[in-house]
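Comments concern the structure below.
For reference, positions follow the sequence shown, starting with 1. Here the structure is a predicted model, which means the values were calculated and not measured.
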Amino acid sequence: MFLSTKDQSRRAPLKEAVLDSLPPDKGLYLPVELPPFPEAFWDGFREAPFSEIGYRCAKHWLGDEVPEEVLRELVADTLAFDAPLVEVAPGMQVLELFHGPTLAFKDFGARFMARLMCWLTRDEDKMLTVLVATSGDTGGAVASAFHQVKGVEVIILYPSGKVSPLQEKQLTTLGDNITALEIDGSFDDCQALVKEAFHDPALADLYRLTSANSINISRLVPQAFYYLRAIQQLPEGSEPIFVVPSGNFGNLTAGMLAAEAGMPAKRFIAATNANKVVPDYLESGSYQPKPSVPTISNAMDVGAPSNLPRLEAVLGNQFETLKSRVSGAAFTDDETRDCMRRVHRHHGYLLCPHTAVAWLAAEQCQDPATKVILATAHPSKFLETVLETLELSKIDIPQRLASLADQEKVSTKLGKDYQSFQEYLKQRR
């Protein structure tokens, strides 16, 4: 069962929590119980396949809601690629999360979610409509995961001119059951439209709506898999500091869920760009959401992180506990570019702008513990920024991304007001 972060007396089974995405009180769903991993969880852990680690983790939080054989298949299909840990410099380990079909960490959550939703709705006739707001990578991962899946349509909202050209092609070229809406606003505007639609009675009879953003608990569960995979690749007894490029804070929350269940982690660092609402909050104790500002690390351009209440709830809504477990760091675009140059020059390693922000935060940390830096996207997804910053004429682009360059973009432009979005959805029916 799952509870709302706003009203912990409310309970919902897995199907309701996943398909409704948000509880009626506009909180966020969490498992009712957050017990530690049992001792059996760690049996043979270091030799276990990635899919076995993922299965044990999913089973821990989803319980018996999904039959064992089904859950094993869901996880195995999700984890068709690895999350290798690469030591780029002494004490600086990069967890490469970009080996999936869309070259971003969002592939883990999107693939698991798509398979779980299809299983949950296997006996239903009504079309499932997935609404997703994206600042870059989420939309592409969700589009890929749900493309041509029967009984599901996906509507992606993205901020016009605020995603990279290749990211945009991932959102706008698949067609079939994937629709892209180009919103004249910021990611926060896109996110606000999606949230309002879920609580709009005028749409309730027309659509079976669900979300693929990290507000959906089924996105967070599989994101914990790769934190455990990182631990498996470190020397036994390691207690690393996880450094997480942070926008909506779903990625960091997934890591904290694993840590609260017993995964070794000394602490977490939330690495952000100029959108530093959470680092400021950790410093002052005053949470002040602000309009997001555009940066070269665009997937982190979030001024009102949706998952912060969930992260706080995991830690008992105790600010001092949050501050003791998570520290914040923020960096400018100039600092980010300089970091990309230094790491490439000294170590021959390419960082995307988001991973560079995390590298800076790891460098700034004086604790001698091993830093695990989450590399959230392949650098070629930000081709123009990488080439310009490093003064290169080209870099290797995986074929599955390079093939998009000549495909035609298809999107519908909308304003950021809810009435326009609501009218668009009504007209589709």
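- The aromatic rings of Trp359 and His347 are tilted relative to each other, their planes meeting at an angle between 30° and 60°.
- Using modelled atom types and a 3.5 Å distance limit, the side chains of Ser297 and Thr295 yield a donor-acceptor pair.
- Gln148 and Asn177 are not linked by any side-chain donor-acceptor pair at a separation below 3.5 angstrom, with hydrogens and angles left out of the test.
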Derivation and outcome, side chain to side chain contact (heavy atoms under 4.5 Å, CB included), residues Leu401 and His378
CA-CA 10 Å; Leu401 186 61; His378 193 282; 5.7 Å; no
Intermediate values then yes/no, side chain to side chain contact (heavy atoms under 4.5 Å, CB included), Thr129 and Arg428:
CA-CA 11 Å; Thr129 300; Arg428 286 176 63 94; over 6 Å; no
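- Remark: the Thr134 side chain and the Lys106 side chain contain no N/O donor-acceptor pair separated by less than 3.5 Å.
- A donor-acceptor pair under 3.5 Å is absent between the side-chain atoms of Lys26 and the main chain of Pro24, judged by distance alone.
- Of the possible polar contacts, none joining the Ser144 side chain to the Gly140 backbone as a donor-acceptor pair under 3.5 Å is found.
- For the pair Lys276 and Glu283, the salt-bridge criterion is not met [side-chain N within less than 4.0 Å of a carboxylate O].
- For the residue pair Ser211 and Asn216, the shortest heavy atom distance occurs at O-ND2, 2.9 Å.
- Looking only at distances, no side-chain donor or acceptor of Ser238 sits under 3.5 Å from a matching main-chain atom of Pro240.
- Rounded to the nearest 0.5 angstrom, Lys426 NZ and Tyr424 OH are separated by 15.5 Å.
- Taking both residues in full, the closest heavy atoms of Ala329 and Ile269 are given as CB-CG2, 4.5 Å, listed atom of the first, atom of the second, then distance.
- When only modelled atom types and interatomic distance are considered, Asp189 and Ser186 share a side-chain donor-acceptor pair under 3.5 Å.
- Of the possible donor and acceptor atoms, none in the side chain of Arg219 sits under 3.5 Å from a partner among the backbone N and O of Met113.
- A salt bridge does not link Arg10 with Asp25: every distance from a Lys NZ or Arg NE/NH1/NH2 to an Asp or Glu carboxylate oxygen is 4.0 Å or more.
- For Pro353 against Thr336, the heavy-atom pair with the smallest separation is O-CG2, 3.4 Å.
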Using side chain to side chain contact (heavy atoms under 4.5 Å, CB included), reason through Val149 and Met117 one step at a time and then give a plain yes or no.
CA-CA 11 Å; Val149 172; Met117 285 183 174; over 6 Å; no
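- In Lys394, the NZ atom is not crowded: 12 or fewer heavy atoms of neighbouring residues, nucleotides or ligands sit closer than 6.0 Å.
- The side-chain heavy atoms of Pro49 and Tyr55, taken from C-beta on, include no pair separated by under 4.5 Å.
- A donor-acceptor contact closer than 3.5 angstrom is absent between the side chains of Asn275 and Thr272.
- Both tests hold for Arg429 against Tyr207: distance to the six-membered ring centre under 6.0 Å, angle to the ring axis within 45°.
- Across all non-hydrogen atoms, the minimal contact from Ala361 to Ala271 is CB-CB, 3.8 Å.
- Of the N and O atoms on the side chains of Gln422 and Asp200, at least one donor lies less than 3.5 Å from an acceptor on the other residue.
- No side-chain donor-acceptor contact under 3.5 Å links Glu153 to the backbone of Gly151.
- Using modelled atom types and a 3.5 Å distance limit, the side chains of Asp107 and Thr102 yield a donor-acceptor pair.
- Counting only distance, with no hydrogens or angles, the side chain of Lys169 and the backbone of Ala405 share a donor-acceptor pair below 3.5 Å.
- A 4.5 Å side-chain heavy-atom check between Asp184 and Lys413 finds every atom pair outside the cut-off.
- Ring centers of Phe225 and Phe108: at least 6.0 Å apart, outside the cut-off.
- At a threshold of 4.5 Å between non-hydrogen side-chain atoms, the residues Thr210 and Leu128 count as touching.
- Remark: Lys15 NZ is packed, more than 12 non-hydrogen atoms of other residues, nucleotides or ligands lying under 6.0 Å away.
- Side-chain polar atoms of Arg310 and Asn307 form a donor-acceptor pair below 3.5 angstrom.
- For residues 298-336, every residue pair satisfying the ring-ring contact (aromatic ring centres under 6.0 Å, His included) rule, not counting sequence neighbours, is listed here: Tyr281-Phe319.
- No close placement of the Phe81 and His99 rings is indicated, their centers lying 6.0 Å or farther apart.
- Note: Gln399 CD to Leu404 CG = 9.5 Å, rounded to the nearest 0.5 Å.
- No more than 12 heavy-atom neighbours from other residues, nucleotides or ligands sit within 6.0 angstrom of NZ on Lys290.
- A salt bridge is absent between Lys162 and Asp301: the closest approach of a Lys/Arg side-chain nitrogen to an acidic carboxylate oxygen does not fall below 4.0 angstrom.
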Would Thr172 and Glu182 count as a side chain to side chain contact (heavy atoms under 4.5 Å, CB included) here? Give the steps.
CA-CA 9 Å; Thr172 61; Glu182 189 174 351; over 6 Å; no
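- Residues Thr376 and Asp137 have side chains not in contact (no heavy-atom distance under 4.5 Å, counting atoms from C-beta outward).
- Listed here is the closest heavy atom pair of Gly247 and Val302: O-CB, 3.5 Å.
- Side chains of Met256 and Val326 form a contact here, defined as non-hydrogen atoms less than 4.5 Å apart.
- Within 6.0 Å of the CD atom in Glu73, the count of heavy atoms belonging to other residues, nucleotides or ligands does not exceed 12.
- Scanning all heavy atoms of the two residues, the minimum distance from Ser164 to Lys381 falls at OG-O, 2.6 Å.
- Annotation: the span from His344 atom NE2 to Ile395 atom CD1 amounts to 9.0 Å, rounded to 0.5 Å.
- Counting non-hydrogen atoms of neighbouring residues, nucleotides and ligands closer than 6.0 angstrom, the CG atom of Asp367 exceeds 12 such neighbours.
- Donor-acceptor pairing under 3.5 Å is recorded for the side chains of Glu335 and Thr332.
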